[in-house]
Structure formats: C-alpha cells, structure tokens
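Here's the structure we're looking at; comments come further down.
Numbering of residues begins at 1 and proceeds along the displayed sequence. Here the structure is a predicted model, which means the values were calculated and not measured.
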Amino acid sequence: RRDARRCQGQSTKKKIGDGDLSSEVVPKDSKDEIAPAMKATIDFLRDIVAEINMLSKAAVEGKFSTRGDMDRFKGVYKGIVKGLNEVMDAVTDPLNVAAGYLVRVVKGEIPQPITKEYSGDFEALKNNLNDMGAILRGMLGSIRETSTNLTTATSEILAVTTEQASMSSEQSAAVNEATSTLQEVRQTAEQAAERARQLLELAQESTRISDEGIISVQSTQEGMNKIK
C-alpha cells in the first residue's frame, strides 16, 4: 500500500510540474500528511492561476482598473498577485494621462507638455504626444500670424479702395462742374449771338430808313428846283 501511495504521489507531483492541476488528491487516512499538503498546494495553484487569468483577461479587454485580491493568498502567491497589480498600475497611469491629453486636444485645447517620467514604450508615447502638441502649437501660431496678416492686408485694401472712391467722386464732381460751366458758356454765347443778330437787324432797318430819308430829301430838292 505504501508503494502504491508513493507512486500516486510521484505521478501527481509530475503533473503539477507539467502544469497539470487536474489531479484530485484524497487523504487515505488520518495519518496521511502528504496528501493534504499536496491538495492545499494544488488548490493554491488553481486559485493563483484563476487570479492571473482574470487579470490577463481584464488587460486584454482594456479593463485596466481591475485588480487582484491579494488577501486571498499568502507568501509568494500574495507577492505574485501584488506584482500583477503593480503591472496594472504601471499601465493604467500613462494610459490615463495619454487619454486625458487626447481628450483635451479633441476639445480644441493644446495641453502643456507631459513632464512625468515613464519607462520604455510609455516614455516613447509621452514624447510622441509632446511632439504632437508642439506641432499643433506651431500650426496655431502660423494660423494666427496669417490671420493677422490677412486682416492688415484687408484694411489696407479697404483704405485704398475708399481713397480711390473718394478721388473718383471728386473727379466726377469736377467733370460735372466743367460740364455745367460749358453749358453756361454755350448759353451765354447763344444769347450773345441772338443779341448780335437783333442789333444787325436794327442796323439794317436803320440803314434802310436812312436811305429812304435821303431819297425823300433828294426828291424834295428836285421838286423845289423845278418850281424855281
């Protein structure tokens, strides 16, 4: 019987060493001290494997706030769960910082550079975010400068346009004034011509009357001469 128990124990130990925790160990009697210890070992390993699987599944699903229950374990097993929780903490903090940074960018803000130090890929992620922020700040500065230049150019164009419009109005007024003056000169010339025509007619009439008077005087003299 002892040989059978020894063989069973060795088989179970080999399975545990191979990662097989499917063995069910049952004490043979009250004096059996090995079987209870082996059963406790298997139970602990099953629990720690279940806890590790739970944390791994949570990480794959992006549930980085999940933590293992360290109080369920003792010794090195508790240390394993603690280590996994610290891994989750190390992942959660930089991811939360990166997510918060991107949320602010989406809302139209450009956050200040991230100054906290990280390790490995998280440090690279931080540097990439800071570089993106620097590029966005540069682009925003260029846009503001361009906007200012456009505003200045628009004001200058408006001023030139207003000046040209004013000059055009003045030129139009001068043209209108010249046209009015020409019309007045034309009217004056027409009036002067009309008066000259009238004077000519008067002169012609006077000449005609004078000629008739001369003729009448000559006739009168001829008549008097005949009487003599």
Side-chain angles (χ1 to χ4, degrees), residues 5 7-28 30 32-147:
R5 291 178 182 176
C7 290
Q8 182 182 4
Q10 291 176 349
S11 175
T12 301
K13 290 177 182 179
K14 187 177 186 305
K15 286 183 178 181
I16 294 173
D18 292 338
D20 183 357
L21 302 178
S22 62
S23 298
E24 296 294 338
V25 180
V26 179
K28 299 302 180 180
S30 59
D32 190 349
E33 297 178 354
I34 296 176
M38 190 171 293
K39 182 179 184 305
T41 300
I42 292 174
D43 290 340
F44 271 118
L45 290 175
R46 286 173 177 171
D47 289 343
I48 194 68
V49 168
E51 201 75 6
I52 292 172
N53 288 338
M54 182 270 295
L55 291 173
S56 299
K57 185 173 182 294
V60 170
E61 294 175 351
K63 300 176 182 178
F64 295 105
S65 61
T66 305
R67 296 294 181 271
D69 186 1
M70 295 186 298
D71 295 335
R72 292 178 55 196
F73 306 97
K74 299 177 181 179
V76 295
Y77 302 111
K78 185 173 184 177
I80 291 174
V81 178
K82 180 182 178 182
L84 290 173
N85 287 343
E86 291 174 350
V87 169
M88 298 292 275
D89 290 336
V91 172
T92 301
D93 180 63
L95 287 181
N96 286 339
V97 170
Y101 192 98
L102 293 175
V103 167
R104 293 177 64 185
V105 170
V106 170
K107 290 181 179 179
E109 301 178 33
I110 302 180
Q112 291 300 314
I114 302 170
T115 57
K116 188 172 181 179
E117 296 294 330
Y118 295 103
S119 300
D121 292 339
F122 293 118
E123 182 69 12
L125 174 62
K126 180 198 77 173
N127 292 334
N128 289 337
L129 290 174
N130 288 340
D131 290 344
M132 180 185 70
I135 293 172
L136 289 175
R137 276 188 290 273
M139 291 175 60
L140 181 60
S142 298
I143 291 172
R144 287 174 177 170
E145 183 179 358
T146 302
S147 177

Listed by chain and number, what are the side-chain contact (heavy atoms from CB on, under 4.5 Å) partners of F122, not counting sequence neighbours?
V91, P94, L95, Y118

With a cut-off of 6.0 Å (strictly less than), are more than 12 heavy atoms of other residues, nucleotides or ligands near CE of M139?
no

Those residues at least two apart in sequence (or on a different chain) that pass side-chain hydrogen bond (donor to acceptor under 3.5 Å, both in side chains) with D69 are none

Considering all heavy atoms, the nearest R137-N130 contact
NH2-O, 4.4 Å

Is the number of heavy atoms from other residues, nucleotides or ligands under 6.0 Å of N53 CG greater than 12?
yes

Is there a side chain to side chain contact (heavy atoms under 4.5 Å, CB included) between D93 and K116? Walk through the geometry before answering.
CA-CA 10 Å; D93 180 63; K116 188 172 181 179; 2.9 Å; yes

What pairs with E109 under side-chain hydrogen bond (donor to acceptor under 3.5 Å, both in side chains), at least two apart in sequence or on another chain?
R104

Would you confirm whether Y77, through its side chain, and I48, through its main-chain N or O, come within 3.5 Å as a donor-acceptor pair?
no

Counterpart residues, side-chain hydrogen bond (donor to acceptor under 3.5 Å, both in side chains), relative to K63 (two or more places apart):
E61

Check side-chain hydrogen bond (donor to acceptor under 3.5 Å, both in side chains) between K107 and all other residues, then give those that pass, not counting sequence neighbours.
none

Partners passing side-chain contact (heavy atoms from CB on, under 4.5 Å) against M54 (at least two apart in sequence or in another chain):
E51, T66

To the nearest 0.5 Å, what is the distance between CZ on R67 and CE on M88?
5.5 Å

